[in-house]
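Worksheet: the structure to be examined is printed underneath.
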Amino acid sequence: MSDKDVTILAIESSCDETAAAVVRNGREALSGVISTQIALHKEYGGVVPEIASRKHIEKITPVVEEAVRMSGVALNDMDAIAVTCGPGLVGPLLVGVSFAKSIAFALNKPLIGVHHIEGHIAANFVAHPQLEPPFACLVVSGGHTHLVVVKDYGEYEIIGRTRDDAAGEAYDKVARAIGLGYPGGPKIDRLCREQGDPLSIPFPQSKVTGTEYDFSFSGLKSAVLNYINQMEMKGEAIDTANLAASFQHAVVMSLVNKTMHAVEEYGFTRLALAGGVASNSYLRAKMKEACEERGVQLFYPEPLLCTDNAVMIGSAAYYEYMKGVRHGYDLNAYPGLVLGEKV
Ligand code: KG4
Ligand code: ZN
């Protein structure tokens, strides 16, 4: 380790994953630990905030200890403590923020609050050491669907967003309606890799008037629910795989078409995917096809870096650290924090 190296301990607890990681120079994960609560929330069909908060409290100490141990770096040798401070669920966020503040205070280390979406974007910096801004990034998670211009490290312009449901949310709701359970995204992805004709049911792609690059998925969700009702009323059996594949086709083609429209208008030559839905195999394949046709370079992180993790938070924090960003012990949890907004 050289004197110039910057080693950051990062914590993420904005939803249902308690995660900690140690990241060097924004690009190298020395360790990464994720404790998922999926099994706990499964029976409720979605994340129960109160249960999530309690579980974070239980897990945060062992998860952070494990990340520090695995990294081989002593806690006292960390250059900064980073934590997701928003957006997300307020209770879960508060657990991470309070924990990070305590460590920073006890060790007298700088504290850096990180925007969760900024973290998702930064996962690409760990996965692709040669990737540098500017580039376009499609952020598709359970809570967000944003088309972002990454102008520089920590500098973003959101050019498109969802008007209603996020892409991951649509996956989760449709999966629940067809009995696949929570979390729906990976289940639909898995089912459709083996079965289902994506062109069997012509579901509508979102039409949004006004802003060219905005998305909408609630109409599609309603179309799927109507289809299920109609089939049930007619007493006809539903082919779950065909339904899932057709839904997925509509979501993915809407994401691909809007993104490609922006790529052409703005002349982007590099596009990154980020967020939980970025691990979707159909999205990756369709986006790859579209990018190849246009000579656009496509980047996406490995699945473990797409869904919530702390490595991405440690990466985003590094660039803030280098700019001199430091937060005080009054750092709070900001459930509705907007990308680019400073805390
Ligand atoms: O980024 P993430 O872990 O958490 C948020 O910040 O929201 O994203 C979780 C979302 C969930 O809606 C989940 O169903 C979806 O990402 N997801 C997927 C896949 N893996 C996770 N959606 C489609 N295909 C996948 N393979
Ligand atoms: Zn996330």
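As the structure lists them, so they are numbered: ligands from 1, and atoms in each ligand from 1.
More than 12 heavy-atom neighbours from other residues, nucleotides or ligands sit within 6.0 angstrom of CG on Asn226. Atom OH of Tyr329 has more than 12 heavy atoms from other residues, nucleotides or ligands within 6.0 Å.
In terms of protein heavy atoms, atom 22 (N) of ligand 1 is closest to Gly185 CA, 3.2 Å. The closest protein non-hydrogen atom to atom 15 (C) of ligand 1 is Val277 CG2, 3.9 Å. The protein heavy-atom contact nearest to atom 6 (O) of ligand 1 is His116 NE2, 3.1 Å. Annotation: atom 26 (N) of ligand 1 to nearest protein heavy atom, Asp189 OD2, 2.8 Å. Annotation: atom 10 (C) of ligand 1 to nearest protein heavy atom, Gly142 N, 3.4 Å.
The shortest N or O to N or O distance between Pro183 and ligand 1 is not below 3.5 Å. For the pair Asn280 and ligand 1, the shortest N or O to N or O distance falls below 3.5 Å. Looking at ligand 1, you'll find an N or O of Gly276 within less than 3.5 Å of one of its N or O atoms. Note: no N/O pair closer than 3.5 Å links Tyr171 and ligand 1 by distance alone.
When the N, O or S atoms of Asp308 are ranked by distance to the Zn ion (ligand 2), OD1 comes first.
Checked by atom type, the side-chain pair Ser216/Asp164 shows a donor-acceptor distance below 3.5 Å.
For the pair His120 and ligand 1, a heavy-atom separation below 4.0 Å is found. Not a single heavy atom of Cys15 sits less than 4.0 Å from an atom of ligand 1.
To the nearest 10 degrees, the Zn ion (ligand 2) sees NE2 of His120 and NE2 of His116 at an angle of 90°.
Of all heavy-atom pairs spanning Val277 and Ala167, the tightest one is CG2-C, 4.3 Å. Looking at every heavy atom in both residues, Ile8 comes nearest to Ala317 through CD1-C, 3.9 Å. The two residues Ser281 and Arg193 have their closest heavy-atom pair at OG-NE, 3.2 Å. Asp214 approaches Lys258 most closely through the heavy-atom pair O-NZ, 2.8 Å.
Note: Phe125 and Tyr153 meet the aromatic proximity criterion, with ring centroids under 6.0 Å apart.
Using a cut-off of 4.0 Å between Lys/Arg side-chain N and Asp/Glu carboxylate O, Glu169 and Lys173 are scored as salt-bridged.
Remark: Arg326 is positioned above the aromatic ring of Tyr321, its terminal NZ or CZ atom under 6.0 angstrom from the ring centre and at most 45 degrees off the axis.
Close contacts of ligand 1 with Gly143, meaning ligand atoms under 4.0 Å from a residue heavy atom, involve 7 (O). Within ligand 1, counting atoms from 1 as listed, the ones closer than 4.0 Å to a heavy atom of Gly168 are 12 (O).
Ranked by closest heavy atom to atom 3 (O) of ligand 1, the top entry among Asp308, Thr36, Asn309, Asp172 is Asp308.
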